[in-house]
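Down below is the structure, laid out as structure tokens.
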Amino acid sequence: MTDQAPAAQTDSPEIPGKPVSASRTTLSHIMTHNDTNLLGTVHGGVIMKLVDDAAGAVAGRHSGGPAVTASMDEMAFFEPVRVGDLVHVKAQVNWTGRTSMEVGVRVLAERWNESTPATHVGSAYLVFAAVDADGKPRRVPQVLPETDRDRRRYQEAQIRRTHRLARRRAILELREKRAAEGFDD
Ligand SMILES: CC(=O)SCCNC(=O)CCNC(=O)[C@H](O)C(C)(C)COP(=O)(O)OP(=O)(O)OC[C@H]1O[C@@H](n2cnc3c(N)ncnc32)[C@H](O)[C@@H]1OP(=O)(O)O
């Protein structure tokens, strides 16, 4: 079940859809001692910055202009990243709404000077809103999934979207109810 049909599909036929592959991007970076936390492994915040950078590039490419991070959820770290790891941050648009896009990101790490298989060290889902020159949301092209994997990711993103909206609505309703009961918290 979805909360709505993507608006690009229904009320903005003048914007042609774009395939997932048109904006898919990989950002790669070698981790150094500047990137470590107090435990000596790479700081999660350093990885999150790369994730936001890669996702922002994808959102800008897909929407054809500026896009801002609206939310980042389900950032998961599976394995520690170490100094000397070559980190690849792979990002693609999973889903589009009227003015927002969900970008899925996979983080892989391999030793910078060894040809061993890369390890999947993290994943994240971010929502970006495309904005105009005044910072107001603007319409985005509908994303066109091309492979079975793209289609699965699109369907999973719709489920996350439904849950994000339901969670936001439930919290707003609770706050309104408490305010009506006289709570000032
Ligand atoms: C790349 C960077 O580093 S940017 C820096 C960090 N980010 C920012 O500064 C963004 C600050 N926030 C904002 O400017 C605004 O809140 C915006 C543009 C994200 C949203 O503006 P609003 O006036 O709330 O617009 P609106 O409610 O229409 O939301 C726009 C779209 O974003 C989606 N959205 C807004 N907030 C969220 C959220 N917290 N989580 C998920 N989606 C969201 C909406 O569902 C809507 O999508 P749709 O049109 O596809 O249905």
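Values below: all heavy atoms of this structure, side chains included; hydrogens, waters and symmetry mates excluded. In each ligand, atom 1 is the first atom listed, and ligand 1 is the first ligand listed. One is the number of the first residue; the rest follow in order along the sequence.
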Look at ligand 1 and say whether Met101 reaches it with a heavy atom at a distance under 4.0 Å.
no
Proximal ligand 1 atoms for [X], defined as those under 4.0 Å from one of its heavy atoms:
X      : answer
Arg161 : 45 (O), 47 (O), 48 (P), 51 (O)
Asp52  : 3 (O)
Arg98  : 48 (P), 49 (O), 50 (O)
Gly97  : 50 (O)

Ser71, any N or O under 3.5 Å of ligand 1 N or O
yes
Arg164 N/O under 3.5 Å from ligand 1 N/O
no
Between Arg160 and Asp73, is there a salt bridge with N-O shorter than 4.0 Å?
no
Polar contact flag, side-chain donor to acceptor under 3.5 angstrom, Glu146-Ser21:
yes
Can a side-chain donor-acceptor contact be found between His88 and Thr26 if the only test is distance below 3.5 angstrom?
no
Can you measure from [atom1] ([X]) to [atom2] ([Y]) and round to the nearest 0.5 angstrom?
X      : Y      : atom1 : atom2 : value
Met72  : Tyr125 : CE    : OH    : 12.5 Å
Asp35  : Asp85  : CG    : CG    : 10.5 Å
Trp112 : His29  : CH2   : NE2   : 14.0 Å

From the options Gln158, Arg152, Arg153, select the one residue that forms a side chain to side chain donor-acceptor pair (under 3.5 Å) with Glu156.
Arg152
Measure Thr99 to ligand 1 on non-hydrogen atoms and call it side chain, backbone, both or neither using the 4.0 Å cut-off.
both
Record the part of Ala70 in heavy-atom contact with ligand 1 below 4.0 Å; permitted values are side chain, backbone, both and neither.
both
